[in-house]
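Taking it in order: structure first as structure tokens, then the write-up.
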Amino acid sequence: MPSTAIRPSRPFHHPQPGSALSCGKVSLETLARRYGTPLYVYSADQIVARLGLFQHALHGRDHLVCYAVKANSALAILKLLAARGAGFDIVSGGELERVIAAAPEAVGRVVFSGVGKTTAEIDLALEAGILAFNVESEAELALLAARARKLKRKARFALRVNPDVFADTHPYISTGLREHKFGIDIRQAHRIYASAAGNHWIEAHGVSVHIGSQIRSAAPFGAAIERVQKLVAELRRDGIQLQSIDAGGGLGIDYHGGAFDAAAKVAEYTAAIEKALAGFEGRLLLEPGRFLVAQAGALVARVLQVKRNGKKTFVITDAAMNDLIRPALYQAHHEIVPVRRRPGRPRTVDVVGPVCETGDFFARDRKLAPVEPGDLVALLDVGAYGMAQSSNYNTRPRPAEVLVEKNSPRLIRRRETMADLLAPEIP
Ligand code: LLP
């Protein structure tokens with residue numbers, strides 16, 4: 001029997017050669033007809049399976065997978081993950097409000113990261129009783145201590161250390177070098193833990209690290225944890241006993257859709273971390289975002305026009321950079337497939353949106369199977385940092401979102417209306 005832990009890397013497929021692209025058994029054509037386009041569609045089953053890969057790989061060790069809410073903060077997805085035991089990594093009071101709205105019982109499994117927490121956000125998190133604050137500077141620790149004292153709520157904290165490890169990824173999403181704004185220089189951490197030891201209102205709970213995002217190899221994670229584990233051992237010798245190590249998020253996926261075995265990736269990643277943790281008896285926290293949700297999502301768009309300008313062919317869709325900004329912002333690659341295949345040879349085209357910017361593109365000089373105006377296309381691997389980074393640029397209402405669970409689709413966010421967009425304005 002094949003291992004249930006190994007799943008295909010995407011939940012979207014053509015059930016038969018002539019049929020429409022589907023999420024499980026649910027046709028994206030049907031969903032587009034029912035809910036309109038552009039439309040985000042997510043597979044709940046894949047999100048749950050991905051969480052399971054981490055939980056399975058860490059079976060036997062005290063651990064908590066804190067999903068990075070920023071990757072996709074849909075309430076339905078938070079609820080889905082919370083019900084399977086996940087915790088959450090948040091970076092704002094707003095994300096905490098989302099966790100409270102979706103799964104109030106999971107508040108005790110929340111860690112709060114971020115380089116600039118406001119007093120109001122700290123108070124909200126203290127009152128809610130989150131698991132721990134990942135503190136990014138000495139000044140923030142002082143503020144946390146002051147607020148904890150004021151509210152008479154003891155604060156558990158982890159210092160987010162900067163391990164000075166290079167991770168080979170896009171420069172905008174690499175965070176673990178001393179030159180980046182993130183974390184506390186690991187060489188300063190010992191002194192800060194020692195100085196916090198006398199304060200009744202703050203409790204050194206753990207240490208955290210996050211070296212960047214979309215990191216494809218396990219080695220930099222191991223290197224970072226090795227440095228963290230060394231710090232933990234030194235602190236222990238000085239009588240400071242940390243209960244948890246938070247290894248952050250950052251495990252990358254394959255956007256090009258080659259032979260990608262998600263279970264093997266997770267096993268390799270957790271093995272590198274476990275090896276570096278050698279001798280650490282406490283709890284391991286992880287903060288994966290992209291790996292859990294990216295490949296579960298597709299953005300379904302309709303082709304408005306196919307237009308030739310000189311030598312170039314442009315496929316213009318009703319989705320645009322405001323709906324999915326990753327290609328424009330990080331030169332990110334997303335596979336694009338027609339929902340229903342037409343006969344004929346692929347053509348080299350640019351796939352673009354209607355926004356008035358040359359940066360509004362999804363693909364440039366891409367070989368795409370033939371499409372005609374009115375056809376549907378699906379942009380793949382958009383479950384992470386897709387809808388979460390969308391905007392109303394060009395006064396475009398944001399897409400609707402559908403979650404498919406066990407072959408049954410459910411609208412989890414209705415399409416925005418012009419009334420939604422105009423509501424906060426004062427003419
Ligand atoms: N923990 C912390 C402290 C983070 O800053 C992040 C992501 C994560 C966890 C989750 O990382 P993941 O497992 O998703 O790689 N918008 C960019 C990605 C920005 C990542 C920011 N921090 C993109 O679309 O590629």
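We count ligands from 1, going down the list as the structure has it; atoms in each ligand are counted the same way.
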Test of proximity, [X] against ligand 1: N or O pairs below 3.5 Å:
X    : result
Y385 : yes
R160 : no
G248 : no

Mode of [X] contact toward ligand 1 - side chain, backbone, both, neither (heavy atoms, under 4.0 Å):
X    : result
H210 : side chain
R326 : side chain
F291 : neither
A71  : neither
I215 : neither

Under 4.0 Å between a Lys/Arg side-chain N and an Asp/Glu carboxylate O for [X] and [Y]?
X    : Y    : result
K312 : D350 : yes
D123 : R147 : yes
R398 : D323 : no

By number and element, which atoms of ligand 1 are closer than 4.0 Å to a non-hydrogen atom of [X]?
X    : answer
Y330 : 16 (N), 17 (C), 23 (C), 24 (O), 25 (O)
E287 : 1 (N), 2 (C), 3 (C), 8 (C), 9 (C), 10 (C), 13 (O)
S213 : 11 (O), 12 (P), 14 (O), 15 (O), 18 (C), 20 (C)
A68  : 8 (C), 9 (C), 10 (C)
D89  : 1 (N), 2 (C), 9 (C)
G249 : 9 (C), 13 (O)
P288 : 13 (O)

(request) Indicate whether any N or O donor in one side chain lies under 3.5 Å from an N or O acceptor in the other, for D238 and H190. (result)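 Yes, a side-chain donor-acceptor pair sits under 3.5 Å.
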(request) Indicate whether any N or O donor in one side chain lies under 3.5 Å from an N or O acceptor in the other, for S208 and D246. (result)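 No - no donor-acceptor pair under 3.5 Å links their side chains.
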(request) Return yes when atom CD of E127 has more than 12 non-hydrogen atoms of other residues, nucleotides or ligands closer than 6.0 Å, and no otherwise. (result)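 Counting other residues, nucleotides and ligands, CD of E127 exceeds 12 neighbours.
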(request) Would you confirm whether D89, through its side chain, and C66, through its main-chain N or O, come within 3.5 Å as a donor-acceptor pair? (result)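 No; zero donor-acceptor contacts below 3.5 Å.
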(request) Say whether, by atom type as modelled, one donor and one acceptor occur between the side chain of H334 and the main chain of Y255 under 3.5 angstrom. (result)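 No, the answer is negative, given that no donor and acceptor are paired below the 3.5 Å cut-off.
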(message) Before we go on, tell me: are the rings of F291 and Y269 under 6.0 Å apart, centre to centre?
(response)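 Judged by ring-centre distance (under 6.0 Å), F291 and Y269 do not meet the cut-off.
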(message) Test: side chain to side chain donor-acceptor pair (under 3.5 Å). Region: residues 70-86. Which pairs qualify, not counting sequence neighbours?
(response)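 Non-adjacent pairs meeting side chain to side chain donor-acceptor pair (under 3.5 Å): Y42-N72.
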List the atom pairs, donor and acceptor, that lie under 3.5 Å between side-chain atoms in residues 193-201 and the rest of the protein, sequence neighbours left out.
{"residue": "Y193", "atom": "OH", "partner": "L159", "partner atom": "N", "Å": "3.1"}
{"residue": "Y193", "atom": "OH", "partner": "G206", "partner atom": "O", "Å": "2.6"}
{"residue": "S195", "atom": "OG", "partner": "I192", "partner atom": "O", "Å": "3.0"}
{"residue": "N199", "atom": "OD1", "partner": "W201", "partner atom": "N", "Å": "2.8"}

(request) Answer with yes or no whether G250 contacts ligand 1, where contact means a heavy atom under 4.0 Å from a ligand atom. (result)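 Yes, G250 has heavy atoms under 4.0 Å from ligand 1.
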(request) Check if A384 has a non-hydrogen atom at a distance under 4.0 Å from any atom of ligand 1. (result)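 Judged by the 4.0 Å heavy-atom criterion, A384 does not count as contacting ligand 1.
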